Amino acid sequence: MEEVTFDPALIQAIFKHIWTRRALEREKNEGNDGTDCEVGTGTLKKTRTTSANSNALKLSCELLRIFITGFELDDEAVQRSAMIAEAEGAGKIEGTHLERILPQLLLDF
């Protein structure tokens, strides 16, 4: 029986959001003077995108699953999940509720 883990598409979306935000912050801080330099054959730093392959996403999902299930969740994380569950009318906290607060947990970590 395979253990339930996070959806790789969700983790990829979170990663892309962070990468995009950091790239925009870097561009804002550096100005225009470093964004047009060449970093590889035929690519510009400004147009190059960051990506993760499927194995990296699977590993990230597994590490996050271990992080969530292997360690005690603090009261704040449980409260956040409980608020989402309560808003949906659920009687207990499920994995989907934890998935929704995952970005917050990672930022708190």
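Please read these numbers as outputs of a predicted model, since none were measured by experiment.
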Among the clusters formed by ILVMFWY side chains lying less than 4.5 Å apart, do Ile11 and Trp19 turn up in the same one? yes

Distance (rounded to the nearest 0.5 Å) between Leu57 CG and Ser51 OG: 9.0 Å

Which heavy atom in Pro8 sits nearest to a heavy atom in Cys61, and how many Å separate them? CA-SG, 3.6 Å

Which atom pair, heavy atoms only, marks the closest approach of Ile101 to Arg80? CG2-CB, 3.8 Å

Any salt bridge between Arg65 and Glu62, counting N to O under 4.0 Å? yes

Given a cutoff of under 4.5 Å between side-chain heavy atoms of I, L, V, M, F, W and Y, with clusters grown through shared members, what are the other residues clustered with Leu24? none

Spacing of Asn53 atom CG and Gln12 atom CD [to the nearest 0.5 Å]: 10.0 Å

Between Glu99 and Asp7 the two heavy atoms that sit nearest each other are OE2-N, 3.9 Å

Reported CD-to-OG distance for the pair Glu94 and Ser81, which is rounded to 0.5 angstrom: 11.0 Å

Rounded at 0.5 Å granularity, tell me how far CD in Glu88 sits from CE in Met83. 12.5 Å

Would one find more than 12 heavy atoms of other residues, nucleotides or ligands at under 6.0 Å from atom CD of Glu86? no

Measuring from atom CD of Glu25 to atom OG1 of Thr20, what distance do you get when rounded to the nearest 0.5 angstrom? 11.0 Å

Nearest heavy-atom approach of Lys92 to Ala85 is O-CB, 3.9 Å

Rounded to the nearest 0.5 Å, how far apart are CZ of Arg22 and NE2 of His17? 10.5 Å

Run Ser60 and Phe6 through side-chain contact (heavy atoms from CB on, under 4.5 Å) and show every step you take. CA-CA 9 Å; Ser60 297; Phe6 292 102; over 6 Å; no

Ala82 and Ile93: which non-hydrogen atoms are nearest, and at how many Å? N-CD1, 3.7 Å

